[in-house]
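Encoded as C-alpha cells, the structure appears first; notes follow it.
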Amino acid sequence: MITGRLVHARSIFCAIALILCAGTVLAEELTEGSMQIQAQSREPIEPRVGIRFQLANDSELDLRLQTVAIQALRDAGYRVNQPGSVITLRMETQNGTVVSKEDTSIGSLEAGSGVGVDLNVRLWSSTQNSLLKNNSGKNRRIPVFAVTFDAYDEVGGKAAWRGEAVTHSADGINFEAGDAMVRQLISAFGTTLKPKNVPLR
C-alpha cells in the first residue's frame, strides 16, 4: 500500500503528467466557458460493478464534488461504497498554470504536500529532446483547474481507467464548473476519449 509521503509525491507527479499532456492544447485552444476532457480505458470495467470511491483530499469543494460523482455513478447503474466493491475510483482536483504560446514553456506547477514533499517545476518543449531548460522569453501564465479520476482494479491489481478534465480558472473555480467537469468524466467512465473541448455546463 502506498501511504504518507509517497501518496503526496505520486499525486504531485500525476499533476505534472496532466499538464504535460494538456498544456500545449490548453494554451492554444481552450476557450472561456469550456473544458478539455480526455479519458483512457486500460481494461474493461463491467457495468454495475461495485465501486469504492476515494478522495485525494477533503476540501469543501472536493466533498461537494464527491456527492455529485457518487450520484452520477449510481444513476449510471454502479454500486458505490457497498460491500464487495472491486474497483477503487479516486478523484483528485488540482490548481495549476499553463503558459501561452508567446513562450516555449508549456506549463508550470507549484505544489506542497505538507509532509516534506515540495515541488516547483517549469516545463518546456524542445526540439532537441530536452524537457527542462532555461528560458528568458516573455510568458503569460493561464491559471487552470483540473479534475482527475483514476480507477484501480483491486482484483487484478492494476489500473483500469483514467479520466481528466481541465478548464480556465481566472476568476477562481466554482462548484458549478466542477460539477460539470465531474459529470462529463463520469459519463465517460470506462471508455477511451480523445482530448476534446466541450462546453462547461
Side-chain angles (χ1 to χ4, degrees), residues 1-23 26 35-42 45 49-74 76 78 80-82 85-98 107-121 123 143-154 157-169 172-190 193 200:
M1 175 179 290
I2 301 176
T3 57
R5 295 187 180 185
L6 291 179
V7 169
H8 289 286
R10 179 178 178 274
S11 298
I12 290 170
F13 284 102
C14 282
I16 293 176
L18 173 83
I19 291 178
L20 275 171
C21 292
L26 281 169
M35 74 180 95
Q36 183 188 82
I37 182 172
Q38 60 183 317
Q40 181 182 10
S41 174
R42 295 169 178 167
I45 296 177
V49 71
I51 294 174
R52 183 166 64 96
F53 196 89
Q54 287 185 340
L55 285 179
N57 52 70
D58 59 355
S59 69
E60 180 181 351
L61 175 61
D62 285 18
L63 289 170
R64 295 179 68 189
L65 293 178
Q66 173 182 240
T67 301
V68 173
I70 289 175
Q71 187 58 55
L73 286 165
R74 287 174 175 162
Y78 295 99
V80 185
N81 294 337
Q82 295 182 15
S85 297
V86 297
I87 296 290
T88 295
L89 182 61
R90 184 175 184 269
M91 186 187 82
E92 182 169 11
T93 62
Q94 293 280 349
N95 287 289
T97 60
V98 294
S108 142
L109 176 71
E110 297 177 5
S113 67
V115 290
V117 179
D118 297 289
L119 201 61
N120 187 339
V121 174
L123 307 173
V144 295
F145 175 77
V147 178
T148 305
F149 284 97
D150 283 291
Y152 186 79
D153 182 348
E154 298 289 352
K158 56 186 176 181
W161 177 81
R162 179 177 176 85
E164 302 167 343
V166 187
T167 188
H168 284 305
S169 59
I173 195 64
N174 56 44
F175 174 72
E176 287 73 21
D179 178 290
M181 297 167 76
V182 166
R183 291 182 186 278
Q184 286 279 354
L185 286 169
I186 294 301
S187 70
F189 181 57
L193 187 67
L200 191 61

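What you see below is based on every heavy atom in this structure, not just the backbone, and it leaves out hydrogens, waters and symmetry mates. Throughout, residue positions are numbered sequentially from 1 according to the sequence presented.
- Each salt bridge (charged side-chain N to carboxylate O under 4.0 Å, His left out) pair with one or both residues in residues 53-69, not counting sequence neighbours, would appear here, but there are none.
- How far CG of Asp150 is from CD of Glu164: 8.0 Å, rounded to the nearest 0.5 Å.
- Looking at heavy atoms from C-beta onward, Leu73 lies in side-chain contact with Leu89 at the 4.5 angstrom threshold.
- Between Asn81 atom CG and Gln66 atom CD the span is 7.5 Å, to the nearest 0.5 Å.
- Annotation: the span from Ile186 atom CD1 to Gln71 atom CD amounts to 11.5 Å, rounded to 0.5 Å.
- Nearest heavy-atom pair across Ala165 and Met35 is CB-SD, 4.2 Å.
- For the pair Val182 and Met91, the minimum side-chain heavy-atom distance is below 4.5 Å.
- One finds the CZ atom of Phe145 at 9.5 Å from the OG1 atom of Thr167 (value rounded to the nearest 0.5 Å).
- Here the shortest heavy-atom pairing between Ala151 and Ile87 reads CB-CG2, 4.0 Å.
- The structure places NZ of Lys158 at 10.0 Å from OH of Tyr152, a figure rounded to the nearest 0.5 Å.
- Of all heavy-atom pairs between Thr97 and Val144, the closest is N-CG2, 4.0 Å.
- Aromatic ring pairs are classed by plane angle as parallel below 30°, tilted from 30° to 60° and perpendicular above 60°; the pair Phe149 and Trp161 is tilted.
- Arg74 and Val80 make their closest contact through NH2-O, 3.5 Å (heavy atoms, listed as atom of the first residue, atom of the second, distance).
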**Prompt:** Hey, mind stepping through Thr148 and Gln94 against side-chain contact (heavy atoms from CB on, under 4.5 Å) and telling me if it holds?
**Reply:** CA-CA 8 Å; Thr148 305; Gln94 293 280 349; 5.5 Å; no
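- Atom CG in Leu200 sits 13.0 Å away from atom CD in Gln36 (nearest 0.5 Å).
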